[in-house]
Amino acid sequence: MKKRTSFPRFFIAAVLMASMLLGLLLASCTGSKKEVAVPPVRMTEYPSHASFGYAPASVADAIEESDAIAYIRIGDWLGYTDDMYSTLFSAEVIETAKGKLPSKFTLIQDGSSRFTLEGHPLFTAGNELLLFLNKLSDEGRERNKLPDDSYIITCAHITTFDVIAIDGEKYAFPRNYALLETMPSSVRNFAQDETFLKKAVDELIRSDSIWENVDTMQYRYHVYKLDQLLSMVKAG
């Protein structure tokens, strides 16, 4: 007479087999996961001071003179331009406040492994930013052999904001204070609250440890709600 497998033993064997298959599937997925590319140097030992021949006179001027303004997330580091003046990243658009951008584009940041600007370390994968952008000219794209979707930041760090999350809200730290005296009154500076400011600075450093080593305090005096900045841009 053929021996029958008891239900409990059969059930346990089935569970073990399912677990093994799931483990093999997860291992396969993990093994094929693409490693994120990051810049080998994010800040040089002696950052340079930026000197612009021209810069917008106000936040309103910066908005008007930018082709697009968007809340974005940094993806892979793509390398440097041939002249080593700039660094290339893939970037993903989270929300656009002005202009039109492809969902993913090539972002050009001033600086490379040879030099970085004071208060403006190179980005890295996962950074979230609010950026004022201009499409790179045809001449610039041809000279550096860059794709059509290449954008530069309007006056580098003057219109760069690092975005962090606190208690479910998004806040933005400017990397430069040059235009901030012209910020509309509709955009509140939360840095005036010292308790909140400390919390925000701690979160900035937690989200990106590079800020522990940046030799500048300027980003500690201005913190804005991201949605207020986006609304300001959309209002024109």
Side-chain angles (χ1 to χ4, degrees), residues 34-45 47-50 52 62 66-81 83-97 101-136 140 144 146-147 149-165 170-178 200-201 203-216 218-220 222-224 226 229-230:
K34 181 178 176 291
E35 186 174 348
V36 177
V38 299
V41 174
R42 294 191 59 201
M43 186 170 63
T44 51
E45 186 176 1
S48 303
H49 178 72
F52 297 101
S66 298
D67 294 330
I69 299 172
Y71 168 34
I72 65 100
R73 182 181 296 112
I74 299 296
D76 285 327
W77 168 68
L78 303 176
Y80 307 113
T81 52
D83 57 12
M84 292 296 289
Y85 184 79
S86 304
T87 301
L88 311 174
F89 297 93
S90 64
E92 174 189 1
V93 175
I94 301 173
E95 181 177 351
T96 302
L101 286 167
S103 59
K104 292 186 178 180
F105 65 96
T106 301
L107 175 65
I108 304 168
Q109 181 186 12
D110 287 350
S112 69
S113 60
R114 291 185 180 175
F115 83 97
T116 53
L117 299 177
E118 184 179 9
H120 193 45
L122 297 184
F123 307 138
T124 194
N127 284 165
E128 293 187 357
L129 304 141
L130 175 66
L131 299 177
F132 290 49
L133 300 163
N134 277 292
K135 191 167 186 180
L136 188 62
N144 292 285
L146 297 177
D149 67 351
S150 299
Y151 285 79
I152 58 174
I153 305 169
T154 306
C155 287
H157 54 333
I158 288 180
T159 61
T160 297
F161 297 76
D162 292 273
V163 176
I164 59 170
K170 296 285 187 175
Y171 293 86
F173 276 96
R175 289 198 175 188
N176 188 277
Y177 54 83
V201 170
E203 177 57 29
L204 178 67
I205 293 171
R206 189 207 63 76
S207 67
D208 189 346
S209 60
I210 193 70
W211 292 106
E212 290 182 304
N213 305 310
V214 175
D215 186 22
T216 179
Q218 65 192 21
Y219 63 91
R220 296 176 186 262
H222 300 271
V223 187
Y224 303 105
L226 177 63
L229 288 170
L230 292 172

Would a 4.5 Å heavy-atom cut-off, applied to side chains only, mark [X] and [Y] as touching?
X: Thr159; Y: Ile153; answer: yes
X: Tyr224; Y: Leu130; answer: no
X: Arg175; Y: Pro121; answer: yes
X: Thr106; Y: Leu78; answer: yes

Parallel, tilted or perpendicular, as decided by the 30° and 60° cut-offs, for the rings of His157 and His120: tilted

Going from [atom1] on [X] to [atom2] on [Y], what distance comes out if it is rounded to the nearest 0.5 angstrom?
X: Arg114; Y: Thr87; atom1: CZ; atom2: OG1; result: 11.5 Å
X: Ile152; Y: Lys135; atom1: CD1; atom2: NZ; result: 12.5 Å
X: Thr160; Y: Phe173; atom1: OG1; atom2: CZ; result: 15.0 Å
X: Leu226; Y: Ile164; atom1: CG; atom2: CD1; result: 11.0 Å
X: His222; Y: Asn176; atom1: NE2; atom2: CG; result: 9.5 Å
X: Asn213; Y: Met43; atom1: CG; atom2: CE; result: 5.0 Å

Where is the tightest heavy-atom contact between [X] and [Y], given as atom of each residue plus distance?
X: Phe132; Y: Ala62; value: CD2-O, 3.7 Å
X: Phe115; Y: Met84; value: CE2-O, 3.9 Å
X: Ile72; Y: Ala91; value: CD1-CB, 4.2 Å
X: Val38; Y: Trp77; value: O-CE3, 3.4 Å
X: Leu131; Y: Phe123; value: CD2-CZ, 4.5 Å
X: Pro47; Y: Thr44; value: CD-O, 3.5 Å

Using modelled atom types and a 3.5 Å cut-off, is there a donor and acceptor pairing between side-chain atoms of [X] and backbone atoms of [Y]?
X: Thr116; Y: Gly111; result: no
X: Asp76; Y: Ala37; result: yes
X: Asn144; Y: Leu146; result: no

Arg73: salt bridge (charged side-chain N to carboxylate O under 4.0 Å, His left out) partners, not counting sequence neighbours: Glu92, Glu128

Arg206: salt bridge (charged side-chain N to carboxylate O under 4.0 Å, His left out) partners, not counting sequence neighbours: Glu203

Evaluation steps, side chain to side chain donor-acceptor pair (under 3.5 Å), between Ser66 and Thr154: CA-CA 7 Å; Ser66 298; Thr154 306; 2.9 Å; yes

Stepwise side-chain contact (heavy atoms from CB on, under 4.5 Å) test for Ile108 and Leu136: CA-CA 9 Å; Ile108 304 168; Leu136 188 62; 3.6 Å; yes

Within residues 102-113 or reaching into it, pairs that qualify as salt bridge (charged side-chain N to carboxylate O under 4.0 Å, His left out) - sequence neighbours excluded: none

Steps toward side-chain contact (heavy atoms from CB on, under 4.5 Å) verdict (Leu88, Leu107): CA-CA 6 Å; Leu88 311 174; Leu107 175 65; over 6 Å; no

Stepwise side-chain contact (heavy atoms from CB on, under 4.5 Å) test for Val36 and Thr124: CA-CA 10 Å; Val36 177; Thr124 194; over 6 Å; no

side-chain contact (heavy atoms from CB on, under 4.5 Å) between Lys170 and Ile94, worked out: CA-CA 13 Å; Lys170 296 285 187 175; Ile94 301 173; over 6 Å; no

